[in-house]
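Remarks on the structure that follows.
Only this structure's heavy atoms are used, side chains among them; waters, hydrogens and symmetry mates stay out.
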Amino acid sequence: SIAKMFQQAEAIAGGIMDIMSALLDGQLNLIQAQQENITTLEEQQAESSARILEALQENFDAQTELLQQSVSEQEAIIADATSKIAGYESELSTARGNRHAFLLTLIDAEQARLRNAKKEKKRLLAEEKANQKQFADEQAAEEKKRAEQKLANDLAIRALEKEARKKTLENDLVEAFVNTSLGVTKALSMGIPGIVASVLIGVLGAIQIGNIQEQISRLADGGYLEEGKSHEQGGIRGTGAFGNIEVEQGEFIINKKSTA
């Protein structure tokens, strides 16, 4: 009988839906595991970057302290040599004979010491400036790498969320098709009175299916890039075969249907 055939079809459809539901659960669990792995990776990368920045700061501070100490030592030599030269020159005006010659020798020696100290101080200050630049460059490079890692992880998480949403919608779409078909079939099995009901069920089912299909289509669309760097800052590079493509924050990406 029609009723028995409908019951059999309903049982088969129910079995199929159970299998699909189990498959969906497995897929969603896998996606969740991937998200958790990315979250763990993000935490590890953040910790590693923090340690690197801390080490860079400590190394820079230690080098700066040593250089400043050396600069202070040279400044002390400069002050001492300058003072001695002044004293010897003051005595030179009244000195005679061997004492005069000896003072000239002392002045020459202190002037040499003064020149060497000034030269060494200049070298130390240049080294300190170079260290400052190197530290700033290394710090900026690490911060840039960390920002790129975070952006990549965020995009990966969003892609997985999108994939999970798409799989759920696809499953809902199949369920809507099956339920609508079963509903129409069951209504028609009621004879003439069920014709109106079958039409209503078909219309409502079509609306539901259309809504789901529209949501799936939106997932395939492009979108506005809210995050990322400008072209001047390096942009957002493509990967693999698309490595020669660069976009930037603020640009809008569209899908191929939008250009058809």
Side-chain angles (χ1 to χ4, degrees), residues 6-46 147-187 198-229 235-260:
F6 174 77
Q7 289 177 351
Q8 291 175 342
E10 191 175 32
I12 293 172
I16 293 174
M17 296 310 301
D18 287 342
I19 293 174
M20 290 187 61
S21 179
L23 289 174
L24 177 63
D25 288 342
Q27 291 172 329
L28 294 181
N29 287 336
L30 177 60
I31 290 174
Q32 183 179 2
Q34 291 174 319
Q35 289 176 318
E36 290 173 354
N37 289 338
I38 294 174
T39 299
T40 300
L41 175 63
E42 167 66 20
E43 293 173 351
Q44 292 172 344
Q45 289 173 336
E148 290 174 346
Q149 289 174 340
K150 188 176 187 308
L151 177 59
N153 292 334
D154 289 344
L155 292 175
I157 289 289
R158 292 182 186 181
L160 288 171
E161 291 173 347
K162 184 175 181 179
E163 182 181 355
R165 178 59 179 160
K166 183 178 179 182
K167 289 185 180 300
T168 301
L169 286 171
E170 289 173 343
N171 187 78
D172 292 344
L173 183 61
V174 174
E175 284 188 0
F177 271 117
V178 172
N179 291 334
T180 300
S181 299
L182 290 174
V184 171
T185 301
K186 184 176 181 179
S198 68
V199 172
L200 180 60
I201 292 172
V203 171
L204 293 175
I207 293 174
Q208 182 183 13
I209 291 170
N211 288 335
I212 296 173
Q213 288 176 326
E214 183 182 356
Q215 292 180 62
I216 293 175
S217 177
R218 287 178 180 174
L219 290 177
D221 290 341
Y224 179 74
L225 296 176
E226 297 181 0
E227 299 182 7
K229 294 179 292 184
I236 304 170
R237 301 292 299 182
T239 59
F242 305 99
N244 62 331
I245 296 176
E246 179 183 290
V247 295
E248 67 174 349
Q249 179 187 16
E251 289 185 340
F252 196 89
I253 309 303
I254 60 176
N255 65 0
K256 63 179 182 181
K257 290 189 297 182
S258 302
T259 59

Show me the donor-acceptor pairs, under 3.5 Å and distance only, between side chains in residues 168-178 and residues at least two apart or in other chains.
{"residue": "Thr168", "atom": "OG1", "partner": "Ala164", "partner atom": "O", "Å": "2.9"}
{"residue": "Asn171", "atom": "ND2", "partner": "Glu175", "partner atom": "OE2", "Å": "3.3"}

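- Considering all non-hydrogen atoms of both residues, Gln45 and Asn153 come closest at OE1-ND2, 2.8 Å.
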Carefully, step by step, assess Gln32 and Glu36 under the rule side chain to side chain contact (heavy atoms under 4.5 Å, CB included). CA-CA 6 Å; Gln32 183 179 2; Glu36 290 173 354; 3.5 Å; yes

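- The minimum heavy-atom distance linking Ile31 with Leu160 is given by the pair CG2-O, 3.5 Å.
- If you take CG on Leu28 and CD on Gln35, they are separated by 9.5 Å, rounding to the nearest 0.5 Å.
- Here the straight-line distance linking atom CG of Asn37 with atom CD1 of Ile157 works out to 9.5 Å at 0.5 Å rounding.
- The closest side-chain heavy-atom distance from Glu163 to Lys167 is below 4.5 Å.
- With sequence neighbours excluded, the residues satisfying salt bridge (charged side-chain N to carboxylate O under 4.0 Å, His left out) with Glu42 are Arg146.
- For Lys150 and Asp154, the salt-bridge test passes: some basic side-chain N is under 4.0 Å from an acidic carboxylate O.
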